[in-house]
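What follows is a single structure, written as structure tokens, with notes after it.
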Amino acid sequence: MKRLLLAIMLAASAAFSVSAAIEVYEFDTPEQEEAFKKLGKELRCPKCQNNNIADSNAGLAQDLRLKVYEMLKQGKNEDEIVDYMVDRYGNFVTYNPPLTASTLILWAGPALFVVVGFTVLVMRSRKPKAKTVKAELDSEEQARLDALLNEGSADNKNKDNNG
């Protein structure tokens, strides 16, 4: 019984060690290795979105590391590799995207919205209030108004007395 339990534990530990394989890359020059490390930190994993490809364990990040390694072995420089990744995955793959119209809108849009909103509030608060104009009535108009008011109040009294 103990041997069976020991065999199961040994098989389980072997299975876990297989899943934790470490990638080993051999470079021709120390410059290639430095470029690989630098690109690994500069390129973002499109799947993880918050990790660079050096820190991510996602399958896509492993594929990107392998592609960077292969391109470095082919003699490509860092700019060519970044351009390839941007062409394939978009500007999102870099942590420092270039300044374009879309990124400018993303950064300047909220600030512009606040400035326009504040300007509208200031302009509305400084707008002069509408002045009420008291009209002077001549004697004929005043007499007619008094007659209408008296007639209306007399009608209301008759309704109250009859009702």
Contacts of T100 meeting side chain to side chain donor-acceptor pair (under 3.5 Å) (sequence neighbours excluded), chain-then-number -> S102, T103
Is it true that V86 and L106 fall in one hydrophobic cluster, defined by side-chain heavy atoms closer than 4.5 Å?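 Per the 4.5 Å side-chain linkage, V86 and L106 are not co-clustered.
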Same cluster for L66 and I53 if Ile/Leu/Val/Met/Phe/Trp/Tyr side chains link at under 4.5 Å? yes
Should L72 and Y25 be marked as a side chain to side chain contact (heavy atoms under 4.5 Å, CB included) after you check the CA-CA gap, both sets of side-chain angles, and the distance that decides it? CA-CA 11 Å; L72 283 171; Y25 298 107; over 6 Å; no
Could you list all the salt bridge (Lys or Arg N to Asp or Glu O under 4.0 Å) pairs where at least one residue sits in residues 24-34, not counting sequence neighbours? D28-K73, E33-K37
Within residues 78-102 or reaching into it, pairs that qualify as salt bridge (Lys or Arg N to Asp or Glu O under 4.0 Å) - sequence neighbours excluded: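 Every pair satisfying salt bridge (Lys or Arg N to Asp or Glu O under 4.0 Å) with a residue in residues 78-102: K38-E78.
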Would you give me the side-chain donor-acceptor pairs under 3.5 Å for residues 41-48, sequence neighbours excluded?
unit_1 : atom_1 : unit_2 : atom_2 : d
R44    : NE     : F92    : O      : 3.0
R44    : NH1    : Q49    : O      : 3.2

Which is it for E70 and K76 under the side chain to side chain contact (heavy atoms under 4.5 Å, CB included) test, yes or no, and what are the steps along the way? CA-CA 9 Å; E70 290 171 353; K76 307 272 183 178; over 6 Å; no
Tell me every residue that passes ring pair (Phe, Tyr, Trp, His ring centres under 6.0 Å) with F27, counting only those two or more places apart in sequence or in another chain. F36, Y69
Can you tell me how far CD1 of I105 sits from CG of L112, rounded to the nearest 0.5 angstrom? 10.5 Å
Rounded to the nearest 0.5 Å, how far apart are CG of L39 and CD of Q32?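 CD of Q32 is found 11.5 Å from CG of L39.
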Tell me whether [X] contacts the main-chain N or O of [Y] through its side chain, where contact means a donor paired with an acceptor under 3.5 Å.
X   : Y   : result
Y89 : Y84 : no
R65 : G40 : no
D55 : N51 : no

Fellow cluster residues of L104, listed by chain then number, with links counted only when side-chain atoms sit under 4.5 Å apart: L99
Least distance between heavy atoms, A58 atom then S56 atom: N-OG, 3.1 Å
